[in-house]
Novice: 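Have a look at this one before I ask anything.
If you read the sequence from its start, that first residue is 1, and numbering goes on from there. Please read these numbers as outputs of a predicted model, since none were measured by experiment.
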Amino acid sequence: MDYILGIDIGTTATKGILYDENAQVEGQASKSYPLIQDQNGKAVEDPEVIFSAVQDVIFKLSQNGSKNIKAISWSAQMHSLIGLDKNKQLLTNSITWADNRSQKVVQEAKNSNLADQVYSQTGMPLHAMAPIYKLMWLKNEHPQLFEQANYWIGIKEYVVYRLTNKLMTDTTMAAGTGLFNLKTQQWDSDMLEKAEIKKKQLPEVAAPTMIVGNVLPYYAQKLGLQTDTKVILGASDGYSSTIGVNVLNNENFAINVGTSAAIRVIAPYLIKDAYKRVFCYPVDHTHYLVGGPINNGGIVLQWAKNALLGSDATFEDYLTLAAVASVGSKGLLFYPYLGGERAPIWNSEASGSFVGLTRQHQKAELARAVIEGLILNMKMAAEGLLDNVGKPRCLKLTGGFTKSNFICQLIADIFNLPTVKVKQKQSGAFAAMFLARQALGKSETLNDIKDFAGDEKIYFPNEINALKYQKIFTLYKQIEHDLEKNYHALARLKNELSDSIQ
């Protein structure tokens, strides 16, 4: 039997799933790695450590495939940046989406017309996650290193290069750089000039279904693969997680909540939001990935669990506690910006807060308010989609956050929309597998993914609760607008207090 490996290169772990020729799961493996955050704003990873994790996952799963693995395909974290020298050796770590050290450059772009130009031409909102701003920061802060770099790539491109000796990227990854033109779907000459790099320093761009080549003989032998195992280019985790839950058009929205979160849709036309609330990344000339990435997902829930119940408590303990509280947590609102925020407010300096706290509030209300705040924040992020593509028929959910029936029902109530939990728990790896099926001619079109994707359970809004949350949401937005005026001053105060301690 033939097999396909779908691999998801995430921020904190690489996960792989082995699928048979009928898209049935035959094996799973994962390997975690650290996010290096040893100074303020820094969030980098060692590409060699990630490549080692990828190899470990491939080797473990190749033992289940009777050495008939026909292809390996990818889903990967977006917005990473890696510099290579003239010999294609590493000059930098992988600067991840979570790295905020280019914030000063971002502020300068906001004060000039550069941010507007970047958004208009590339669909990239103003945020330090964007590689274009990271490049400008490196040019300013590390000019010698910047001059040494002959190539600029991301983590997926590095892994593919090591396995095939080819520097290539796909349209969905290129679109997340702030260097890729929305209309021409080529590297944007204006943006390259702003970043002071040349086109030859960037990888060749192709479709996600492109066959890059065979795995190099050395790695085929080392990892237990056949010498004719194909490496498929694959796609970004944003695109993969969307099509992996069978959101192929603008009829439904996809919500993925893991460590971070996102709400996305596939639009049949280019969208430029008047308020720059959403990204718009081209897939091809008739499909655009539109949505909002959210820093604060399950990582905030983990913080709340540890803070309220201790690190030995389980998430089940936390959810049981939260379920005791009533709808709206007795008027307690939580803003989950513990790590700055991308969508909906696009502010790296944002910080979290409880608003409305009184002596009536106990641990149950605090626990529930955190979950409600996460979902209310997601609903704010969805407003840019609603205004530009209209109301969806339903929401499609995936990610660890959605294992809980309690949370899924809250999402349905707060959004006031039917909400579907899908069967595919790893939608990125599942989509990567399907892209390989297309590349190998086993599936004709993307619409064929419907034959393999399935729904597990549907949650309908509770009408009474939905009305309450509608009133809460109106106030939630108003208070956030007031809080936002003070985020910069708070960030400056934290820095001053931190410096005085040292």
Side-chain angles (χ1 to χ4, degrees), residues 7 9 14 44-55 58 71-97 122 130-132 134-135 138 145-181 184-189 191-192 195-220 223 229-237 239-240 281-283 432 435-436 439:
I7 297 184
I9 305 172
T14 285
V44 304
E45 293 173 326
D46 186 338
E48 290 289 7
V49 170
I50 294 179
F51 184 56
S52 178
V54 169
Q55 291 179 80
I58 293 173
I72 304 173
S73 184
W74 316 89
S75 167
Q77 53 170 293
M78 301 180 72
H79 315 303
S80 59
L81 182 68
I82 298 170
L84 304 179
D85 67 15
K86 62 182 180 180
N87 298 315
K88 299 185 176 71
Q89 298 299 303
L90 289 168
L91 282 175
T92 72
N93 279 323
S94 177
I95 306 173
T96 72
W97 60 267
T122 75
I132 185 172
K134 293 171 184 170
L135 286 166
L138 283 168
L145 183 150
F146 186 86
E147 291 301 321
Q148 279 183 281
N150 278 58
Y151 304 96
W152 295 105
I153 61 174
I155 189 60
K156 179 166 75 74
E157 294 72 44
Y158 181 71
V159 170
V160 169
Y161 164 70
R162 290 295 301 274
L163 291 175
T164 66
N165 205 34
K166 295 181 180 178
L167 279 181
M168 296 188 69
T169 192
D170 74 279
T171 51
T172 68
M173 291 293 283
T177 62
L179 301 165
F180 195 69
N181 190 277
T184 66
Q185 298 190 18
Q186 302 289 330
W187 296 118
D188 188 293
S189 58
M191 297 301 105
L192 299 186
E196 297 187 48
I197 61 171
K198 296 178 173 61
K199 182 179 177 181
K200 65 181 181 181
Q201 292 180 270
L202 298 172
E204 177 187 347
V205 183
T209 52
M210 176 75 178
I211 298 176
V212 180
N214 294 345
V215 175
L216 293 171
Y218 169 78
Y219 287 111
L223 303 177
T229 299
K230 308 296 182 189
V231 174
I232 312 304
L233 196 49
S236 69
D237 58 359
Y239 179 65
S240 299
Y281 300 151
V283 178
L435 293 172

Novice: So, taking the atom named CD in Glu157 and the one named CG in Asp170, what distance separates them when rounded to the nearest 0.5 Å?
Specialist: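 Spacing of CD (Glu157) from CG (Asp170) equals 7.5 Å.
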Novice: Among all residues two or more places apart in sequence or in another chain, which pass the salt bridge (Lys or Arg N to Asp or Glu O under 4.0 Å) test with Glu48?
Specialist: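 So Glu48 forms a salt bridge (Lys or Arg N to Asp or Glu O under 4.0 Å) with Arg162.
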Novice: Measure the shortest side-chain to side-chain distance between Leu138 and Ile95 over non-hydrogen atoms and say whether it is less than 4.5 angstrom.
Specialist: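 Yes. Closest side-chain heavy atoms under 4.5 Å.
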Novice: For the residue pair Trp74 and Ile232, establish whether any side-chain heavy-atom pair is separated by less than 4.5 Å.
Specialist: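 Trp74 vs Ile232: side chains apart.
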Novice: Does Ile7 reach the side chain of Val159, with side-chain heavy atoms less than 4.5 Å apart?
Specialist: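 Heavy-atom side-chain distance check fails, nothing below 4.5 Å.
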Novice: Please round to the nearest 0.5 Å and tell me the distance separating atom CD of Gln148 and atom CG of Asp85.
Specialist: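 Between atom CD of Gln148 and atom CG of Asp85 there are 7.5 Å.
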Novice: When rounded to the nearest 0.5 angstrom, what is the spacing between NZ in Lys134 and OG1 in Thr96?
Specialist: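 Those atoms lie 6.0 Å apart.
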Novice: I need the minimum non-hydrogen distance between Thr172 and Pro208, along with the two atoms involved.
Specialist: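 For Thr172 and Pro208, the tightest heavy-atom pair comes out as CG2-CG, 4.3 Å.
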Novice: So, do Lys166 and Val160 sit near enough that their side-chain heavy atoms are less than 4.5 Å apart?
Specialist: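 Sidechains of Val160 and Lys166: no contact.
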Novice: Less than 4.5 Å apart, side chain to side chain, heavy atoms only: is that true for Phe146 and Ile197?
Specialist: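 In short, these two side chains touch, coming nearer than 4.5 Å.
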Novice: Taking the side chain as every heavy atom from C-beta outward, state whether Ile58 and Ile72 have any atom pair closer than 4.5 Å.
Specialist: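 Answer yes - side chains close enough.
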Novice: Within a strict 4.5 Å, meaning less than it, do heavy atoms of the Leu163 and Val212 side chains meet?
Specialist: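 With C-beta onward as the side chain, the pair stays apart.
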Novice: In the structure I gave you, are the side-chain heavy atoms of Leu145 and Thr92 within less than 4.5 Å of one another anywhere?
Specialist: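 Counting from C-beta outward, Leu145 and Thr92 do come under 4.5 Å.
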Novice: Taking all atoms of both residues into account, what is the closest heavy-atom pair of Ala76 and Lys156, and its distance?
Specialist: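 Residues Ala76 and Lys156, closest heavy atoms: CB-CB, 3.6 Å.
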Novice: With rounding to the nearest 0.5 angstrom, report the CD to CG distance, Gln186 to Leu192.
Specialist: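 Those atoms lie 11.0 Å apart.
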Novice: Partners of Tyr151 by side-chain contact (heavy atoms from CB on, under 4.5 Å), sequence neighbours excluded?
Specialist: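 Checked Tyr151 against side-chain contact (heavy atoms from CB on, under 4.5 Å); matches are Leu84, Lys88, Leu167.
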Novice: Kindly indicate, with the supporting measurements, whether the criterion side chain to side chain contact (heavy atoms under 4.5 Å, CB included) is fulfilled by Tyr239 and Thr171.
Specialist: CA-CA 10 Å; Tyr239 179 65; Thr171 51; over 6 Å; no
